[in-house]
There are 2 protein chains.
Amino acid sequence: MNNQDTQTRTDRLAEAIADAIMAGGFQPGAKLDEQMLAERYGVSRTPVREALRQVAATGLIALRPRRSAIVATVTPAELETLFGAMAELEATCARMCAISMTPMERRRLEALHGAMQAMVAAGDAEAYTDANQTFHSQIYAGTHNAVIAEMTANMRRRLSPFRRAQFRAPGRLSLSHAEHGAVLQAILAARAAEAHATMLHHVSLVEDAYEQLVEQASARLA
Amino acid sequence: MNNQDTQTRTDRLAEAIADAIMAGGFQPGAKLDEQMLAERYGVSRTPVREALRQVAATGLIALRPRRSAIVATVTPAELETLFGAMAELEATCARMCAISMTPMERRRLEALHGAMQAMVAAGDAEAYTDANQTFHSQIYAGTHNAVIAEMTANMRRRLSPFRRAQFRAPGRLSLSHAEHGAVLQAILAARAAEAHATMLHHVSLVEDAYEQLVEQASARLA
DNA sequence: TAAGGAGAAATTGCATGCAGAAATGTTGTG
DNA sequence: CACAACATTTCTGCATGCAATTTCTCCTTA
């Protein structure tokens with residue numbers, strides 16, 4: 001931890017807990033025992049409690065009065081609502097990009113998309129996952145509105161526990177890339193409504209991919 | 001406080017502090033001394049600190065390590081970004097309403113708009129302010145997406161310290177009502193793109209109104 | 001008078017302790 | 001064997017205390 005001067009223990013704890021959840025270290029529904037966390041990170045319960053409040057505000061965990069905090073669990077219906085919200089936010093970002101991106105930002109996005117073609121061809125899901133994150137981050141930045149960008153990035157983080165394996169589904173890599181291509185063309189051509197529509201469709205597909213995975217997992221258990 | 005069983009002191013404190021800020025009890029930039037808050041609400045500093053973390057997550061206050069928390073101050077540039085984000089969110093809600101509102105929800109919105117006509121005619125800014133809040137709340141609900149609805153409502157709360165006097169500006173009441181009419185017609189006719197555009201324009205006008213007020217206030221000081 | 005600095009006071013960050021609620025284990029009863 | 005009632009343990013919610021840092025005050029000096 002390199003920023004001991006500018007951050008409190010609570011701040012660093014909040015980051016650490018959120019990272020651990022997003023990395024899958026705690027499963028949805030897992031109890032987040034205050035004492036356990038305090039021991040694990042070598043602090044007292046006080047900063048742990050403050051950090052939990054902070055993480056809870058992002059929606060990653062749920063605080064239940066007089067009960068342990070738990071990693072947020074969502075019903076299929078809630079998940080659909082969350083993915084719907086994320087799709088709307090990302091679509092809004094794409095629309096704003098079509099209007100507001102600088103020529104240089106447009107070229108960078110185009111170059112990234114080109115580089116991702118090779119990853120699809122090589123079937124390199126890991127590299128593609130990283131590049132995909134960058135692709136979307138560039139679109140957040142391209143809005144030139146830090147508030148919208150942060151809200152959307154936060155929504156993406158909040159859904160990360162449910163998106164982890166999205167590129168494992170067969171054929172998803174090239175489908176995702178084709179979708180990106182449609183979004184990219186709309187942004188480059190400054191067609192705002194089309195950028196919105198294509199991105200909405202693209203993110204909705206991510207939800208479908210997740211549901212397919214869940215169904216397959218359920219089928220294997222049965 | 002009627003829900004002592006289901007909420008902790010911290011939860012109630014967070015609400016009370018946020019309400020006090022939105023009601024103007026603390027000016028932007030005002031220091032939120034922990035001990036002062038603890039005495040004011042008759043609790044110890046521990047729940048106060050936890051509540052401050054929670055309120056800070058909404059953006060209403062800023063936490064500065066080893067310094068007092070303060071009511072969030074925003075530069076004119078940040079305020080423009082915030083209003084821009086709110087406009088995009090509200091426009092998204094309006095677009096979703098055009099697609100998703102039930103016939104009953106549409107009728108309710110239309111009835112409310114009709115009732116607001118009388119308030120404009122009577123020049124009753126107070127009643128109009130309340131009804132305006134309801135109008136927008138109905139649009140959040142009409143999205144049928146609780147996540148988007150909550151995000152947008154939260155953004156509105158966050159900007160409330162800067163919207164307080166918006167209907168004091170001359171002619172604003174009838175202008176706002178006319179704008180509402182345009183949004184309403186688009187929603188009723190299920191014209192999604194038009195609902196988006198008209199709402200975007202409407203909320204942008206609120207920002208203009210605020211800026212006018214600030215300029216007038218500055219002029220009076222000079 | 002303004003600027004600077006040393007010391008005092010106030011304030012935050014965090015650990016600890018305790019009361020009460022929730023979770024868990026145990027025993028008795030149908 | 002299931003299950004209900006009770007006892008025990010564990011955990012949360014909050015108050016309090018202390019060290020470290022910031023802020024305030026007042027004095028010195030140019």
Side-chain angles (χ1 to χ4, degrees), chain A residues 1-21 25-73, chain B residues 1-21 25-73:
Chain A
M1 303 200 188
N2 51 357
N3 33 18
Q4 293 179 352
D5 296 348
T6 55
Q7 277 186 301
T8 65
R9 244 164 268 216
T10 299
D11 289 320
R12 278 175 271 135
L13 262 177
E15 281 180 31
I17 293 170
D19 285 349
I21 292 169
F26 298 106
Q27 294 298 313
K31 280 204 266 191
L32 295 168
D33 190 81
E34 292 175 7
Q35 202 145 348
M36 176 268 286
L37 291 170
E39 280 166 25
R40 172 189 284 237
Y41 293 107
V43 298
S44 80
R45 280 177 48 225
T46 306
V48 169
R49 286 176 59 81
E50 293 179 7
L52 287 178
R53 287 261 160 201
Q54 191 161 322
V55 177
T58 71
L60 261 184
I61 70 177
L63 252 40
R64 309 169 302 170
R66 309 225 155 250
R67 321 260 310 269
S68 294
I70 58 173
V71 179
T73 59
Chain B
M1 303 200 186
N2 51 355
N3 34 18
Q4 291 178 353
D5 296 349
T6 56
Q7 277 186 300
T8 65
R9 245 163 266 216
T10 298
D11 289 320
R12 278 175 272 136
L13 261 177
E15 279 180 31
I17 292 170
D19 285 349
I21 292 170
F26 299 106
Q27 294 298 313
K31 279 205 267 191
L32 294 168
D33 188 81
E34 292 175 6
Q35 202 146 348
M36 176 268 286
L37 290 170
E39 282 166 21
R40 174 189 283 237
Y41 293 106
V43 297
S44 81
R45 280 177 49 226
T46 305
V48 169
R49 287 175 58 80
E50 293 179 8
L52 287 178
R53 287 260 160 203
Q54 191 161 321
V55 178
T58 70
L60 260 184
I61 70 177
L63 251 42
R64 309 169 302 172
R66 308 224 156 250
R67 321 257 311 269
S68 293
I70 58 172
V71 179
T73 60

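Proteins get letters first, then strands, A, B, ... in listed order; numbering begins at 1 in each.
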Please enumerate all residues that pass side chain to side chain contact (heavy atoms under 4.5 Å, CB included) together with A:Thr73, with sequence neighbours excluded.
A:Pro28
Do any side-chain atoms of residues 57-64 of chain B form donor-acceptor pairs under 3.5 angstrom with protein atoms, and if so which ones, sequence neighbours left out?
unit_1, atom_1, unit_2, atom_2, d
B:Thr58, OG1, B:Val55, O, 2.6
B:Thr58, OG1, B:Leu60, N, 3.4
B:Arg64, NE, B:Ser68, O, 2.8
B:Arg64, NH2, B:Ser68, O, 2.8

Any non-hydrogen side-chain atom of A:Leu52 less than 4.5 Å from a side-chain atom of A:Leu37?
yes
According to salt bridge (Lys or Arg N to Asp or Glu O under 4.0 Å), who are the partners of B:Arg9, at least two apart in sequence or on a separate chain?
none
Nucleotide interval of DNA chain C bounded by contacts with chain B (heavy-atom cut-off, under 4.0 Å):
C:dT11 to C:dG13
With a 4.5 Å cut-off on side-chain heavy atoms, are A:Val48 and A:Tyr41 touching?
no
Any pair with a residue in residues 31-41 of chain B that passes salt bridge (Lys or Arg N to Asp or Glu O under 4.0 Å), sequence neighbours left out, goes on the list, sorted by first then second residue, please.
B:Glu34-B:Arg45, B:Glu34-B:Arg49
Provide a list of protein-nucleic acid N or O atom pairs under 3.5 angstrom, restricted to nucleotides 8-12 of chain D.
unit_1, atom_1, unit_2, atom_2, d
D:dT12, OP1, A:Glu34, N, 3.4
D:dT12, OP1, A:Ser68, OG, 3.3

Salt-bridge test for A:Asp19 and A:Arg12: reply yes if a basic N is under 4.0 Å from a carboxylate O, no otherwise.
no
